[in-house]
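Contents: one structure, followed by commentary.
None of these values were measured; they are calculated from a predicted model. We count ligands from 1, going down the list as the structure has it; atoms in each ligand are counted the same way.
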Amino acid sequence: MKNEYFCAMISENVDLKPFNTFGVAAKAAQFTRFGSVDELNEILAAAEGQALFILGGGSNILLTQDIDALVLKNEIKGMELVEKDDDSVLVRVGAGEVWHEFVLYCVEHGYAGVENLSLIPGNVGASPMQNIGAYGVEVKDVIFEVEAFNLENKAVQVFSNEECEFGYRESVFKRALKGKYVITHVTFKLSANPKINTSYGAIESELKTRGISEPTIKDVSDAVIAIRQSKLPDPKEIGNAGSFFKNPVVEQSVFERIRANHPDVPSYPAETGKVKIPAGWLIEQAGWKGKTFENYGVHKNQALVLVNYGGATGRQIWDLSSMILEDINTKFGVELEREVNVI
Ligand code: FAD
Ligand code: EPU
C-alpha cells in the first residue's frame with residue numbers, strides 16, 4: 001500500500017554487528033529499511049545506479065569486510081489467508097516476517113507443513129533463497145509461489161515453485177538470478193489435514209521420550225524446538241550462522257572408500273548413484289569439534305557450526321573455514337562447500 005508520508009531515512013556508515021547473527025563487526029556504507037514495494041521503489045529511484053545489498057535477519061551471512069553498498073533491510077510484513085478449501089490453505093506472507101513467527105501462526109491455526117522447520121532463524125523472504133530445510137522437510141515442499149521485485153525493470157514478477165529451481169540449499173535466486181531480485185512475498189500451500197512427518201529419527205525419539213504416540217503438529221513443533229535447543233547454539237548467546245558447510249553429496253565409490261575405513265559413517269540417500277554424508281561427522285572425525293582459537297572456533301555439540309564467542313572478525317572465521325575445508329579434503333578426499341553467504 002502506498003504510504004504518502006514515506007521518506008527514506010538513509011543512514012551512513014552503519015555498524016552491522018546487531019544485524020548479523022555471527023555478531024561480527026562490519027560497516028554498511030549506507031543503510032535503510034523498506035516496508036512495502038512502493039517504499040522500495042522510492043528508495044531505488046533516489047539511489048539509481050548504486051550497488052545494493054538485501055538484508056533479512058542476517059542469520060546466513062558472514063561479513064569478512066565492510067559492505068560498500070546501500071544495505072536494504074527488508075521489513076515487508078503481513079500474513080494473509082488467500083484461499084482455503086477442505087484440504088489446503090494458501091497463506092501469503094511478507095518477506096520481512098520472522099520465519100519462526102510464521103511457523104507458530106501455522107501451528108496455532110492447524111495449518112500443517114512447516115512444523116518440522118520450527119525455530120530456524122531469519123525471515124520469510126530468505127527462506128526460498130537457499131530452500132531452508134530441517135528434520136526431513138524442505139521449504140520447497142510448501143512453497144506455492146514467490147513474488148520478487150526485478151531490480152532491472154522495477155516490476156514484481158511471480159515465480160511458480162518450479163521456476164524457483166529448488167535443490168538442496170539451492171534456488172535460482174542463489175544462482176542464475178543472484179542479486180537481481182528482491183523477494184517481497186512468499187505464498188505457502190499448507191495442509192488443512194495434518195500429515196505428520198516424523199521420519200527423522202531424532203523427532204521420533206524425542207516424541208517417545210515425551211510419551212507421545214499420536215503427535216499433533218504442535219507436538220512435532222515442540223519436539224523440533226527441543227532438539228534444536230539441545231544441539232545448536234543460540235545466536236543471542238554465541239554468534240553463529242547455523243551449518244557453515246553443506247553436507248557433501250559424493251559418488252557411491254567415494255562413500256565406499258570412506259566406509260572401508262569407517263564402517264559407522266552415517267549417510268543419507270541422494271540422487272541416483274550418489275550419497276550424502278554429514279559434514280559434521282567428517283569434521284568431528286578430523287578432530288575439529290570443540291576446537292577453540294582465542295574467541296572463535298568449532299561448536300562443541302555440532303561440528304558443522306562455526307562460532308564467534310565475542311569479538312572475532314569475519315576474516316578469522318573465514319580462515320578457520322578454509323583450514324577445515326583443506327583438512328577434510330586431505331583426510332577424506334571430499335570437497336566441502338560453504339553454505340553461508342560470504343561477503
Ligand atoms: P540473511 O542472512 O539476511 O540473508 C541470506 C541471503 O539471502 C543473503 O545473500 C541476502 O542478500 C539474501 N536475502 C535475504 N532476504 C532476501 C530477500 N527478501 N530477497 C532477496 N535476497 C534476500 N538454515 C536451514 O536451512 N536449516 C536450518 O536448520 C538452519 N538452522 C540454523 C540455526 C541457526 C542457529 C542459525 C543462526 C542459522 C540456521 N540456518 C538454517 C540458516 C538461516 O537461518 C537460513 O538460511 C535463513 O533462511 C536466513 O534468513 P535471513 O533472513 O537471516 O537471511
Ligand atoms: N554428526 C556428527 N558430529 C557432529 C554433528 C553431526 O557425527 O558434530 C552426525 C550426527 O551424529 C548425525 C549426522 O551427523 O548422524 C547428522 O547430524 P544432524 O542431525 O545434527 O544434522 P546435520 O546434517 O549436521 C542438517 C542441516 C541442518 C538441519 C539438520 C536437521 C545441512 C548443511 N544442515 O544438519 O541445517 O537443521 O540437518 O535436519 O544440511 C543449516 O542449514 O544451517 C542447518 C542447521
Side-chain angles (χ1 to χ4, degrees), residues 19-23 34 40 52-63 67 69 71-76 94-100 116-139 146-149 151 168-169 171 173-174 177-186 200-203 224 227-248 264-268 276-285 288-290 298-305 307 336-343:
F19 297 105
N20 72 97
T21 60
F22 252 123
F34 62 95
L40 175 61
L52 305 169
F53 181 84
I54 313 302
L55 182 66
S59 64
N60 203 30
I61 54 173
L62 176 67
L63 300 170
I67 302 188
V71 172
L72 293 165
K73 179 135 173 60
N74 190 331
E75 295 188 344
I76 300 177
E97 289 286 351
V98 171
W99 172 262
H100 185 59
N116 294 48
L117 303 177
S118 293
L119 211 63
I120 296 183
N123 294 352
V124 167
S127 65
M129 285 295 297
Q130 64 145 15
N131 180 23
I132 58 168
Y135 301 99
V137 172
E138 288 182 325
V139 77
V146 172
E147 289 163 61
F149 180 92
L151 287 165
Y168 166 54
R169 297 297 191 273
S171 77
F173 303 108
K174 203 176 168 181
L177 302 183
K178 191 176 166 74
K180 294 190 163 63
Y181 286 82
V182 180
I183 293 169
T184 59
H185 294 86
V186 183
Y200 208 90
I203 301 185
V224 168
I227 299 164
R228 294 182 67 95
Q229 284 172 336
S230 72
K231 280 195 190 178
L232 293 164
D234 179 352
K236 287 195 195 93
E237 287 157 20
I238 303 175
N240 76 93
S243 300
F244 198 90
F245 302 98
K246 285 185 179 186
N247 287 330
D264 59 344
V265 54
S267 64
Y268 308 113
K276 195 193 264 184
I277 306 179
W281 181 87
L282 293 167
I283 298 168
E284 179 172 351
Q285 295 300 309
W288 289 94
K289 193 169 180 172
V298 180
H299 192 245
K300 63 179 173 40
N301 297 339
Q302 226 307 355
L304 200 42
V305 179
V307 288
L336 294 183
E337 190 190 331
R338 292 177 182 88
E339 187 206 270
V340 169
N341 298 280
V342 180
I343 292 107

I'd like to know if the side chain of [X] and the backbone of [Y] have a donor-acceptor N/O pair within less than 3.5 Å.
| X | Y | answer |
| --- | --- | --- |
| Asn131 | Gly133 | no |
| Ser171 | Pro128 | yes |
| Asn74 | Ile54 | no |
| Asp234 | Lys236 | yes |
| Thr184 | Glu147 | yes |

Taking [atom] as the reference point, the nearest protein heavy atom with its distance:
| atom | value |
| --- | --- |
| atom 40 (C) of ligand 2 | Ser243 OG, 3.2 Å |
| atom 27 (C) of ligand 1 | Gly133 O, 3.6 Å |
| atom 9 (C) of ligand 2 | Trp281 CB, 4.2 Å |
| atom 1 (P) of ligand 1 | Gly58 N, 3.5 Å |
| atom 2 (O) of ligand 1 | Asn60 N, 2.8 Å |
| atom 33 (C) of ligand 1 | Pro121 CG, 3.5 Å |
| atom 18 (N) of ligand 1 | Ile183 O, 3.0 Å |
| atom 8 (O) of ligand 2 | Ala303 N, 2.8 Å |
| atom 24 (O) of ligand 2 | Gln302 NE2, 2.8 Å |
| atom 29 (C) of ligand 2 | Tyr200 OH, 4.2 Å |
| atom 47 (O) of ligand 1 | Ile132 CG2, 3.2 Å |
| atom 35 (O) of ligand 2 | Arg169 NH2, 3.0 Å |
| atom 48 (C) of ligand 1 | Ser59 OG, 3.2 Å |
| atom 12 (C) of ligand 1 | Met129 CE, 3.9 Å |
| atom 3 (N) of ligand 2 | Glu284 OE1, 2.6 Å |
| atom 23 (O) of ligand 2 | Asn247 ND2, 2.9 Å |

Item to check | Distance flag for atom 21 (O) of ligand 2, protein heavy atom under 4.0 Å | outcome: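 Protein heavy atom within 4.0 Å of atom 21 (O) of ligand 2: present.
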Checklist entry - Are any non-hydrogen protein atoms located under 4.0 Å from atom 12 (C) of ligand 2? => result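 Protein heavy atoms within 4.0 Å of atom 12 (C) of ligand 2 - there are none.
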Contacting atoms of ligand 2, where contact means under 4.0 angstrom from a heavy atom of [X]:
| X | result |
| --- | --- |
| Glu339 | 32 (C), 40 (C), 41 (O), 42 (O) |
| Pro266 | 15 (O) |
| Tyr268 | 13 (C), 16 (C), 23 (O) |
| Phe245 | 32 (C) |
| Tyr168 | 31 (C), 32 (C), 39 (O) |
| Gly242 | 42 (O) |
| Ala134 | 36 (O), 38 (O) |
| Arg228 | 36 (O) |

Next on the checklist: Evaluate Phe53 against Ile61 for side-chain contact (heavy atoms from CB on, under 4.5 Å), listing each step before the verdict.
Outcome noted: CA-CA 12 Å; Phe53 181 84; Ile61 54 173; 4.3 Å; yes
Give a yes/no on ligand 1: does [X] have at least one heavy atom closer than 4.0 angstrom to it?
| X | answer |
| --- | --- |
| Ser243 | no |
| Arg228 | yes |
| Phe173 | no |
| Lys174 | no |

Item to check | From the candidates Lys73, Gln130, Lys231, Lys236, the one that places a heavy atom nearest atom 23 (N) of ligand 1 | outcome: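 The option holding the nearest heavy atom is Gln130.
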Next on the checklist: For atom 10 (C) of ligand 1, which of the options Ile120, Ile54, Asn341, Val182 provides the nearest non-hydrogen atom?
Outcome noted: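 Selected option, by shortest heavy-atom distance: Ile54.
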Is the contact between [X] and ligand 1 made by the side chain, the backbone, both, or neither, using heavy atoms and a 4.0 Å cut-off?
| X | value |
| --- | --- |
| Ala134 | side chain |
| Val305 | neither |
| Asn74 | side chain |

So do [Y] and [X] actually touch side chain to side chain, heavy atoms under 4.5 Å?
| X | Y | result |
| --- | --- | --- |
| Glu339 | Phe245 | no |
| Leu117 | Trp99 | yes |
| Leu336 | Ile283 | yes |
| Asn341 | Lys178 | yes |

Next on the checklist: Please check whether Lys178 reaches ligand 1 - meaning an N/O of the residue sits under 3.5 Å from an N/O of the ligand, judged on distance alone.
Outcome noted: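 There is no such contact.
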Distance under 4.0 Å to a non-hydrogen atom of [X]: what atoms of ligand 1 satisfy this?
| X | result |
| --- | --- |
| Ala241 | 35 (C), 36 (C), 37 (C) |
| Phe53 | 11 (O) |
| Gly122 | 49 (O), 50 (P), 51 (O), 52 (O) |
| Gly242 | 31 (C), 32 (C), 33 (C), 35 (C), 36 (C), 37 (C), 38 (C) |

Next on the checklist: Please evaluate residues His299 and Asn240 with respect to the criterion side-chain contact (heavy atoms from CB on, under 4.5 Å), reporting the C-alpha separation (whole Å), side-chain torsions for both, the decisive distance (0.1 Å), and the verdict.
Outcome noted: CA-CA 9 Å; His299 192 245; Asn240 76 93; over 6 Å; no
Checklist entry - Where do Ile227 and Tyr135 land on the side-chain contact (heavy atoms from CB on, under 4.5 Å) test, with the steps shown first? => result CA-CA 10 Å; Ile227 299 164; Tyr135 301 99; 3.5 Å; yes
Checklist entry - Step by step, would you call Tyr168 with Asn247 a side-chain contact (heavy atoms from CB on, under 4.5 Å)? => result CA-CA 9 Å; Tyr168 166 54; Asn247 287 330; 3.3 Å; yes
